[in-house]
Every structure is written in structure tokens, then in C-alpha cells.
Number of protein chains: 2
Amino acid sequence: MVEGIRVTGVVDAVAEALRAAAIGGELEPDRPVTEAWVAARFAVARPSAKAAIEKLVGEGVLERAAHRSARVRRLDADAVRDVYRTRRRIESAAIRELAATRSRPDAAAEADAEIATHLGGSSVDIVDPDLRFHSAIVDALGSERTSRAYRSLIEEVRQCMAQVQGRGLISVDTILAEHERILELIAAGDAEAAVAVLAEHLGRAEERLAAAVAAP
Amino acid sequence: MVEGIRVTGVVDAVAEALRAAAIGGELEPDRPVTEAWVAARFAVARPSAKAAIEKLVGEGVLERAAHRSARVRRLDADAVRDVYRTRRRIESAAIRELAATRSRPDAAAEADAEIATHLGGSSVDIVDPDLRFHSAIVDALGSERTSRAYRSLIEEVRQCMAQVQGRGLISVDTILAEHERILELIAAGDAEAAVAVLAEHLGRAEERLAAAVAAP
DNA sequence: CCCGGTATACTTGTCTAACAATCTGGAGCC
DNA sequence: GGCTCCAGATTGTTAGACAAGTATACCGGG
């Protein structure tokens, strides 16, 4: 292999690079990603390329049928809705538990602070801190399995964002205001109100993203 | 390969057989599962055995460090608690949504009917229908991602059951009564009461299993 | 002109063989 | 007794090969 540092192994490195390429939008959803192409692209043997591809298929980043080339999975409107409904389920549960102990997740507040620095800028720049805010709420539970389940959803959202390339985003002001309201309600111990704000927050994002994905 | 029918491919078949062996308790958690052993056991080449092992590592059934043999993952009390807390989060969300539309999941009722046929028998026999009851509630949402997240938890529970070999189970009567109460409350639209029963139901199972896992 | 069947090229699935890298465990030495 | 080092075992990676399956292009018939 010629590029990338070898941290754990060739397969993992290639898988990581491929994932970044898929999420970054460098791999269009419809072009086939053959084992030979991956092997040549990263200068590894075909079995290694195969293993990396299969790892990403297992994670849901790529998809492939038997004897067919892998592709970056294209997310349709139904998939977006499913992702967001599942997000809402997990985040609502997290908010309820956090509100019960009135524990304000610090990492979420920090992500909000970063969003605030982009108040005048483009919505694209806050995709990352926004996802970090939501992840921070879930991670505050300290549950390995809950966090893992949520992380895979976030990865899908990120991939989806790359697919629509910034179309259908919400204004930075609205996002920030709702985030802070959620944190306030958690600190106040008002779980139901916080969940209601979250439902609206995610619901609007869901609608926008679903529409953007459905558009040409 | 010499045994097993070839449905999709050698790797998947081996992975499936290995998973069954792990869940069924035929593979003790501490004995190393080497690639060579798997290859010999199922009469496949070592790369195929390797791929099957890595697939299960990705699913969390096996674990392995770099250059070390894989092992069946041993679940400790903390893992059991994490699994059950995550279960409660997902199931609670499912129950709330089902209660909102007062839709009684038929598949769950069917699983309960099967539990009822074992009223006098051993608690071990109802592990499967019990897990099916809970899965049916989640599956009733019709959400691919929520179901997938929940299924991986159920697999861990199943593996854990094999590990403790029937110790620490709850009486069949209690389980059945609570299941039916949950279904009633869902049908009545009383989400909070249903969630409360579920929390107690899962909480008790969590305590029992955690204790059984911690015991020698 | 369109339709269907065949042939070909491409891709994946699997295996054999080999070597490098790394870890484990014990023998030997201080 | 503790430490070092070596040999065996295991995994990591590669190369090459062949089989099997799929898609596509092509060609003949209707």
C-alpha cells in the first residue's frame, strides 16, 4: 500500500479510507466499486480489498448482491424517514433519562458553542457540530450499546448529507435555539417538553432531508 | 466443504454455523477459536474461515485482538446491564408509539400463546418465545433500523442465556402475566403504565441475569 | 424493426501456497 | 527467582489460479 498510515492493518485502513470517500461524496452511489478498483486505488491485494468492502457492507455503507459489484448505498426518502424515526426513539429515551437526573450533558453544550460561531455562515458548516450535539446527548447515558446503535444512524445521516450536497438544510438560528431549549428543559427536569421540542426539531429535519433526497 | 447446504456462499454458511455454536454454548467463552480450527472443522480454506470469523467479530459474537485468536465473547454483569438498559430504551419507545395508536401487535400475542403452553414446564423452554414476544413489539413499528438494532441486542441476550445455562430465570407465570398486562395497556392506550410494567419486567430479568453471569 | 437466444467479457467466490509480522510459552542464564 | 531470548504457533497479507455467476453485446429469426 502506498498511502495512509498503518494503524491496525491494511484492511481497516482501506475500509476507513473507503468509508471517508463514500461519506465525502467522492463515490457516486451508482458507480460500481469493484474489488479490483479498490485494490488498485489503494495498492493492496484483491483479498484485502474484498475484506474492506465486506466490512463496509456489514456496516451498511455499501451494498452488494451476490456476484455483483458493490455500490455506495443510495438512501431514498423512506430510508431517511426510518433513520430519523429511529433517531427520535433513541434520543427521546436519552432525554427522558437525563431529565430525570437533571444532568446537563456538557459535550452537547460545547457543540452548541461551536454552532454559535457559524451564526452568519452556511448551514453546511454546522452539519458536523449539529450531529455532535445529538451524539453527545446519547453518549451522556454512558451506554456502549446505545451509543453504538446511534452512531450507525449518524453515519447514515452524514452519508445522506453528502448525497444531497447541502440542499434542504435548516437555518442555523433555528437549530441553535431549539438545541438550547432542549438543554434548558433537561436541566429543568421537564422531560416531556424536551422530548416535544426534539420531536419537532428532528421532524422538520426529516421532512427537509426526505424531500431533498427525493428530488432529482 | 463437506457439510451444510450452500445457500449464499461458503463464508456465510460457516459464519452461521459458528454463530449457532457460539449461541448454543458449544464453544466455551475461553477456548480460542483459531482460523485453522474453523477451517478444519468445516472443511474450508483458511481465508474463508478467516472471513467468517471476522464477520462474527463485526457482529460482536466473537472478539479478538490483533494477532490473537478469536474467542466467544464473555458477557459480564456490566454488559448484561447495558444490554437490558438499551433494550428498555427501544422497547419503551415502541410501546409508546403503539399505545398512541392503540395497535395491539398480533405477533406478540401469538408468542404469548406459545408461552402459555409451557406453564408447567421449565423456564428454559420459554426463552425463545419470550424473546419473540419482545421482538414482535419492536417489529410492530415496521422500522428496519430499529428492528436491526434490537435484534443485535436479542442475540446478545441469547448468547448470555447459553452462558448461564438456565440459571437465574423468572417463573413462567410471572412472565406471562406481565406480558399480557403490557398488551392490555397498549390496547387501552395507557403508554406510561405499559412502560412502567415493562421497566419492572426487564429490570427484574436484568438483575437475575447479571447475578447469574457474575456467579462462577 | 423488434425480439430472443447465445457468446463473450467482467466480476466475484474460493482455494492453494507462501512468507512476514507478531505473540506466547518455556528453556536457559545470571 | 527473575530476566532474556529463542522456537513454535497464529495471524496478516500477498500472489496466482480457476470456477461460477452475471451482465452485456451481438446476431439471427420473426
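Here is the naming used below: chain letters follow the sequence lines, and residue numbers restart at 1 for every chain. Small disclaimer: the values here were computed from a predicted structure and weren't measured.
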Would you list the protein and nucleotides 22-25 of chain D atom pairs, both N or O, that sit under 3.5 Å from each other?
{"unit_1": "D:dA23", "atom_1": "OP1", "unit_2": "A:R68", "atom_2": "NH1", "d": "2.7"}

Checklist entry - Distance check: side-chain N/O of B:S48 vs OP1/OP2 of C:dC15, anything under 4.0 Å? => result yes
Checklist entry - Salt-bridged, A:E206 to A:R88, with N to O below 4.0 Å? => result no
Next on the checklist: Parallel, tilted or perpendicular, judged at 30° and 60°: which one describes the rings of B:H201 and B:H134?
Outcome noted: parallel
Checklist outcome for this item: Rounded to whole Å, CD1 of B:I53 lies from C1' of D:dG12 at a distance of 13 Å
Item to check | Distance-only side-chain donor-acceptor flag, B:S143 / A:T86, under 3.5 Å | outcome: yes
Checklist entry - Under 3.5 Å, is there a donor-acceptor pair linking the side chains of B:Y150 and B:E91? => result yes
Checklist entry - What is the distance, rounded to the nearest whole Å, between atom CD of A:E54 and atom C1' of C:dT14? => result 11 Å
Item to check | Short side-chain N/O contact from B:R64 to OP1 or OP2 of D:dG12, under 4.0 Å | outcome: yes
Next on the checklist: Closest approach to the side chain of A:V44, judged atom by atom: which nucleotide of C:dG13, C:dT16, D:dT14 is it?
Outcome noted: D:dT14
Next on the checklist: Using a 3.5 Å distance criterion without hydrogens, assess whether the side chain of A:S92 forms a donor-acceptor pair with backbone atoms of A:R89.
Outcome noted: no
Checklist entry - Taking CZ from A:R31 and C1' from C:dT11, how many angstroms apart are they, rounded to a whole number? => result 16 Å
Next on the checklist: Can you confirm whether A:L62 sits close enough to A:R73 that some side-chain heavy atom of one is under 4.5 Å from a side-chain heavy atom of the other?
Outcome noted: no
Checklist entry - In whole Å, what is the span from the CD atom of B:E35 to the C1' atom of D:dG12? => result 8 Å
Checklist entry - Can you find a side chain N or O atom of B:R71 that sits less than 4.0 Å from OP1 or OP2 on D:dT10? => result no
Next on the checklist: Using a heavy-atom cut-off of 4.0 Å across all strands, would you classify B:P47 as base, sugar-phosphate, or nothing?
Outcome noted: base
Checklist entry - Between A:E207 and A:R204, does at least one N-O distance fall below 4.0 Å, as a salt bridge requires? => result no
Checklist entry - Rounding to a whole Å, what distance do you find between B:W37:CH2 and D:dT10:P? => result 13 Å
Next on the checklist: Whole angstroms only, please: what is the CG-C1' distance between A:D12 and D:dT11?
Outcome noted: 13 Å
Next on the checklist: Any base atoms under 4.0 Å from B:R46, or only sugar-phosphate, or nothing? Heavy atoms, all strands.
Outcome noted: base
Checklist outcome for this item: Winner on side-chain proximity to A:V10, out of C:dT12, D:dG12, D:dT13, is D:dT13
Checklist entry - Does a nitrogen or oxygen in the side chain of B:K50 sit under 4.0 Å from OP1 or OP2 of D:dG12? => result yes
Checklist entry - Does A:A49 or B:T34 map to a spot on DNA chain D nearer the 5' end, using the closest nucleotide for each? => result B:T34
